[in-house]
Colleague: 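Please see the structure below; I have some questions.
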Amino acid sequence: MKKSIIKSAVLTMCLVIGCGACRSESEDIIDHQEEKVNPEIQEPLDTLGIKGFFLLNEGNMGSNKCTLDYYDALTGTYLRNIYAEMNPGVVQELGDVGNDIQVYDNKLWAVINCSHFVEVMQQSTARHIAQISIPNCRYICFDGQYAYVSSYAGPVQIDPNARLGYVAKINVNTLQQVDTCVVGYQPEEMVVTGNKLYVANSGGYRVPNYDRTVSVIDLTTFRVMKTIDVAINLHRLELDRHGFIWVSSRGDYYEVPSKTYVIDTRIDEVCDSLELANSEMALAGDSLYVYGTAWSYLNNSWHTSYAVVDTQKREVISNQLITDGTDDRIAMPYGIAVNPDNGDFYITDAGNYVSPGMLYCFTAQGRKKWEVRTGDIPAHFAFTRKSLQYDSNR
């Protein structure tokens, strides 16, 4: 489901728009568009570990305009809208609102929220393998031979009596759902550590009665073993290399601000909190890159912030990510990712939410390297160590 212009899963649910196909069988397929964006790359770098990344553009809710882009790090080339060309026989293309994308088991997994399925593709070609039906699906993570998908379970709508959500367990070999586990209300992002799956529950459909818990699932029994009280309207989770989980709370957009919390997985309790607005975050070693796009109904205004957190000290060490002034050009930051090989980081700009967005690449020191136009509402990244096979001469 597309996050709304106030970056709130809660408020987007107020706009319930029917889903439909975005291309009929008689319509033409739009070829992918490619553009050389990184002039520093003159020759293919065959030794590069990260070969590139996929970028999932959410598309405005109800428009069926979710699209898939790809950045080829070997040539410095950016390809827009590759899915339609790679899959001419898939009539509905990627459907309505891309909410997550991951690479695992030589496959590319895209969670399509309002179309209620997980699209499974070949990692090296982005060609369709299967669709796994899961209602109101949100995020995906993996462990061993299983994928785990969070689901709001009910229809896309605000409802004070909305049902509890669940996590679906998918066998990555058979692509079949093998189990479910009921968790809190409107579950969001998940992480796995040891034999435990942590699930952030938002309760967004039940506004103002948000959920405030993280469910802990025992992966052996696939049942909730503990529920951790954290804060209202939880969203993102990041597991650092010291065994602590960083949790974002979106607050209530009135009196309760967005904050960042830390869970100690040894005791499964909150051990720290930071007065840090947190819309999205990405880890790079012991550095947590965070941006906040906080909306307040009290004064009808936005506040955008950036920060770097030292996860060992649990301190904000910088209130800047971007050091060359480029942040002034970003209207609405909407996604963030860090290249684990070289420290480059990427921030997307959703702009006005109805036109193509922008993607900015920065050095680890926060200086812009390049920028490129994307699809509508660019949001979710998946790095790949296998190059996408495509014909650059088409």
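Worth knowing before you read on, the calculation uses all heavy atoms, side chains too, and leaves out hydrogens, waters and symmetry mates.
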Colleague: Apply salt bridge (Lys or Arg N to Asp or Glu O under 4.0 Å) to the pair Lys65 and Glu58, showing each step before the final yes or no.
Modeller: CA-CA 7 Å; Lys65 288 178 66 178; Glu58 290 188 356; over 6 Å; no
Colleague: Can you name the nearest heavy-atom pair linking Ser150 to Met190, along with the distance?
Modeller: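 Closest heavy-atom pair between Ser150 and Met190: N-CE, 3.6 Å.
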Colleague: Dump the intermediate steps for salt bridge (Lys or Arg N to Asp or Glu O under 4.0 Å) on Arg250 and Glu188, then the final yes or no.
Modeller: CA-CA 12 Å; Arg250 291 173 288 201; Glu188 300 282 13; 3.3 Å; yes
Colleague: Run the salt bridge (Lys or Arg N to Asp or Glu O under 4.0 Å) check on Lys259 and Glu275 step by step: do they pass?
Modeller: CA-CA 5 Å; Lys259 292 179 64 175; Glu275 300 289 336; 3.1 Å; yes
Colleague: Closer than 3.5 angstrom, by distance alone: can the side chain of Thr304 be matched with the main-chain N or O of Thr293 as a donor-acceptor pair?
Modeller: no
Colleague: Would you please test Arg138 and Glu189 for salt bridge (Lys or Arg N to Asp or Glu O under 4.0 Å) and show each step?
Modeller: CA-CA 7 Å; Arg138 298 291 294 170; Glu189 199 163 40; over 6 Å; no
Colleague: So, do Trp370 and Tyr360 have ring centers that fall under 6.0 Å from each other?
Modeller: no
Colleague: Is the side chain of Thr77 donor-acceptor paired with the backbone N or O of Asp72 at a distance under 3.5 Å, no angle test?
Modeller: no
Colleague: State yes or no: do Val216 and Val230 share one hydrophobic cluster built from I, L, V, M, F, W and Y residues joined by side-chain heavy-atom distances below 4.5 Å, directly or via other members?
Modeller: yes
Colleague: Would you tell me whether Tyr210 and Gln186 have side-chain atoms, one donor and one acceptor, within less than 3.5 Å of each other?
Modeller: no
Colleague: With a 3.5 Å cut-off and no angle check, do the side chains of Asn106 and Lys386 form a donor-acceptor pair?
Modeller: yes
Colleague: Okay, side chain of Asn233, backbone of Gly251: is any donor-acceptor separation there less than 3.5 Å?
Modeller: yes
Colleague: Between Thr125 and Gln122, does any side-chain donor sit less than 3.5 Å from a side-chain acceptor?
Modeller: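 Yes.
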Colleague: Please determine, by modelled atom types, if Asn278 and Thr260 share a side-chain donor-acceptor pair under 3.5 angstrom.
Modeller: yes
Colleague: Would you say the ring centroid of Trp295 lies under 6.0 angstrom from that of Tyr254?
Modeller: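 Not close enough - the centres of the two rings lie 6.0 Å or further apart.
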Colleague: Does Arg367 qualify as a cation-pi partner of Phe362, given the criterion of NZ or CZ under 6.0 Å from the six-membered ring centre and within 45 degrees of its axis?
Modeller: no
Colleague: Set out, in order, the CA-CA distance, both residues' side-chain angles and the distance that settles ring pair (Phe, Tyr, Trp, His ring centres under 6.0 Å) for Phe54 and Tyr71, then state yes or no.
Modeller: CA-CA 7 Å; Phe54 296 94; Tyr71 172 64; over 10 Å; no
Colleague: Give the intermediate values and the outcome of side chain to side chain contact (heavy atoms under 4.5 Å, CB included) for residues Arg206 and Asp159.
Modeller: CA-CA 6 Å; Arg206 297 163 60 87; Asp159 180 0; over 6 Å; no
Colleague: Donor-acceptor pair, distance only, cut-off 3.5 Å: does the side chain of Asp349 make one with the backbone of Met358?
Modeller: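 Side chain of Asp349 to backbone of Met358, a donor-acceptor pair under 3.5 Å: no, none is there.
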Colleague: Verify whether the ring centers belonging to Tyr78 and Tyr70 lie closer than 6.0 Å.
Modeller: no
Colleague: Can any side-chain N or O of Asn60 pair as donor or acceptor with the backbone N or O of Val354 at less than 3.5 Å?
Modeller: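 No: the side chain of Asn60 does not pair with the backbone of Val354.
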Colleague: I'd like to know if the side chain of Ser151 and the backbone of Ile134 have a donor-acceptor N/O pair within less than 3.5 Å.
Modeller: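 Side chain of Ser151 to backbone of Ile134, a donor-acceptor pair under 3.5 Å: no, none is there.
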Colleague: Is a side-chain donor or acceptor of Asp179 paired with a backbone partner of Val167 at a separation under 3.5 angstrom?
Modeller: no
Colleague: Going by the angle between their ring planes, with limits at 30° and 60°, are Tyr104 and Phe142 parallel, tilted or perpendicular?
Modeller: parallel
Colleague: Any side-chain donor paired with an acceptor under 3.5 Å for Tyr146 and Asn171?
Modeller: no
Colleague: Show your working on side chain to side chain donor-acceptor pair (under 3.5 Å) between Tyr83 and Glu119 and close with a plain yes or no.
Modeller: CA-CA 11 Å; Tyr83 183 86; Glu119 169 74 9; 2.7 Å; yes
Colleague: Does Arg314 qualify as a cation-pi partner of Phe244, given the criterion of NZ or CZ under 6.0 Å from the six-membered ring centre and within 45 degrees of its axis?
Modeller: yes
Colleague: Can you find a side-chain donor-acceptor pair between Thr384 and Gln123 that sits under 3.5 Å?
Modeller: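 On atom types as modelled, these side chains qualify, holding a pair under 3.5 Å.
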Colleague: Please determine, by modelled atom types, if Ser305 and Asn319 share a side-chain donor-acceptor pair under 3.5 angstrom.
Modeller: no
Colleague: Which atom pair, heavy atoms only, marks the closest approach of Asp341 to Ile50?
Modeller: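 What the structure gives for the nearest pair is OD2-N, 2.8 Å.
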Colleague: Assess, by modelled atom type and distance only, whether the side chains of Tyr198 and Asp268 contain a donor and an acceptor separated by less than 3.5 Å.
Modeller: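 Yes - a donor-acceptor pair under 3.5 Å links their side chains.
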Colleague: Report the residue from Thr323, Asp310, Val308, Val309 that forms a side-chain contact (heavy atoms from CB on, under 4.5 Å) with Ser318.
Modeller: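 Looking at Thr323, Asp310, Val308, Val309, the match for Ser318 under the side-chain contact (heavy atoms from CB on, under 4.5 Å) is Val308.
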Colleague: Report yes if the distance between the aromatic ring centroids of Phe222 and Tyr148 is under 6.0 Å, otherwise no.
Modeller: yes
Colleague: We want to know whether Asn81 and Asp69 form a side-chain donor-acceptor pair, criterion being a heavy-atom distance below 3.5 angstrom.
Modeller: no
Colleague: Could you go step by step and tell me if Asp376 and Ser355 meet the side chain to side chain donor-acceptor pair (under 3.5 Å) rule?
Modeller: CA-CA 6 Å; Asp376 294 0; Ser355 302; over 6 Å; no
Colleague: Assess the side chains of Ser215 and Asn201: does a donor N or O sit below 3.5 Å from an acceptor N or O?
Modeller: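 Yes, side-chain donor-acceptor contact under 3.5 Å.
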Colleague: Measure the CD-CG distance between Glu269 and Asp264 for me, rounded to the nearest 0.5 Å.
Modeller: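 Nearest 0.5 Å value for the CD-CG distance: 8.5 Å.
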Colleague: His380 vs Asn57, test: side chain to side chain donor-acceptor pair (under 3.5 Å). Steps then yes/no.
Modeller: CA-CA 7 Å; His380 310 286; Asn57 302 288; over 6 Å; no
Colleague: Quick check against the 3.5 Å criterion: does Asp252 have a side-chain atom that pairs as donor or acceptor with the backbone of Glu255?
Modeller: yes
Colleague: Donor-acceptor pair, distance only, cut-off 3.5 Å: does the side chain of His116 make one with the backbone of Cys114?
Modeller: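 Yes: the side chain of His116 pairs with the backbone of Cys114.
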Colleague: Just checking, is any N or O donor in the side chain of Tyr289 or Glu280 under 3.5 Å from an acceptor N or O on the other one?
Modeller: no
Colleague: Would a single hydrophobic cluster contain both Val214 and Val224, if residues Ile, Leu, Val, Met, Phe, Trp and Tyr are joined by side-chain heavy-atom contacts under 4.5 Å?
Modeller: no
Colleague: Between the side chain of Thr348 and the main-chain N/O of Gly335, is any donor-acceptor distance below 3.5 Å?
Modeller: yes
Colleague: How about Arg223 and Asp218: do any of their side-chain heavy atoms sit closer than 4.5 Å?
Modeller: no
